[in-house]
Amino acid sequence: MTSHLIRRRLLRAGGFFLIGDGLLGLVRPRKSLLLSRFSPELTRAVAEELTEYPRLSRSIQIAKVAVGLALAISQVSEDVS
C-alpha cells in the first residue's frame with residue numbers, strides 16, 4: 001500500500017471515530033464526559049466543567065459529528081473519483 005492510501009484510510013477512520021464519539025456524547029452527554037476520569041488531568045478538568053453546561057456539551061458533540069462526517073466523506077469521495 002502506498003503512504004497516500006494509508007493516510008486516507010487513517011483520516012477516514014478518524015472521521016468514523018469522531019462520528020461515533022459525537023453520537024454517544026449526544027445520547028448520554030453526562031456519562032460520556034464522566035468517562036474522561038481515565039484521561040489526562042486537563043481533559044478531566046474540561047469534562048467536569050462541561051457537565052455543568054449540557055447545551056454547550058451537546059453543541060461540541062454536534063460539531064464533532066459534523067467534522068467527522070466531513071472528514072470521512074472527503075476521503076470517500078477521493079476513492080470514487
Side-chain angles (χ1 to χ4, degrees):
M1 271 196 282
T2 67
S3 63
H4 179 67
L5 181 61
I6 292 170
R7 182 182 70 71
R8 284 183 20 217
R9 288 186 178 179
L10 286 174
L11 286 172
R12 188 172 168 200
F16 289 154
F17 172 78
L18 285 172
I19 293 166
D21 189 50
L23 287 174
L24 289 173
L26 280 171
V27 174
R28 301 287 301 267
R30 189 172 191 81
K31 191 169 188 172
S32 177
L33 289 170
L34 293 176
L35 287 174
S36 64
R37 66 178 173 212
F38 302 108
S39 300
E41 188 173 329
L42 178 60
T43 305
R44 280 194 309 265
V46 170
E48 287 174 10
E49 189 67 29
L50 281 174
T51 59
E52 301 298 319
Y53 302 98
R55 285 185 179 172
L56 176 61
S57 176
R58 285 205 166 118
S59 297
I60 291 169
Q61 301 304 334
I62 290 170
K64 284 167 62 174
V65 171
V67 169
L69 282 170
L71 189 60
I73 288 171
S74 73
Q75 300 309 308
V76 171
S77 65
E78 286 183 18
D79 290 338
V80 175
S81 301

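Sequential numbering from 1 along the given sequence is applied to the chain's residues. In this text, all values refer to a predicted model and were calculated from it rather than measured experimentally. No hydrogens, no waters, no symmetry mates; every other heavy atom, side chains included, goes into these values.
Under the 4.5 Å side-chain heavy-atom criterion for ILVMFWY residues, no single connected hydrophobic cluster contains both V27 and Y53.
With sequence neighbours left out, L23 forms a side chain to side chain contact (heavy atoms under 4.5 Å, CB included) with I19, L26, V65. With sequence neighbours left out, L11 forms a side chain to side chain contact (heavy atoms under 4.5 Å, CB included) with R7, L71, Q75. Taking F17 as the reference, D21 meet the side chain to side chain contact (heavy atoms under 4.5 Å, CB included) condition, with sequence neighbours excluded.
Proximity of a side-chain donor or acceptor of S59 to a complementary backbone N or O of R55 within less than 3.5 Å is detected.
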Assess whether side chain to side chain contact (heavy atoms under 4.5 Å, CB included) is satisfied between L24 and R28, documenting all intermediate values. CA-CA 6 Å; L24 289 173; R28 301 287 301 267; over 6 Å; no
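Interatomic distance, CG of L50 versus CZ of R58, reported as 12.5 Å (0.5 Å rounding).
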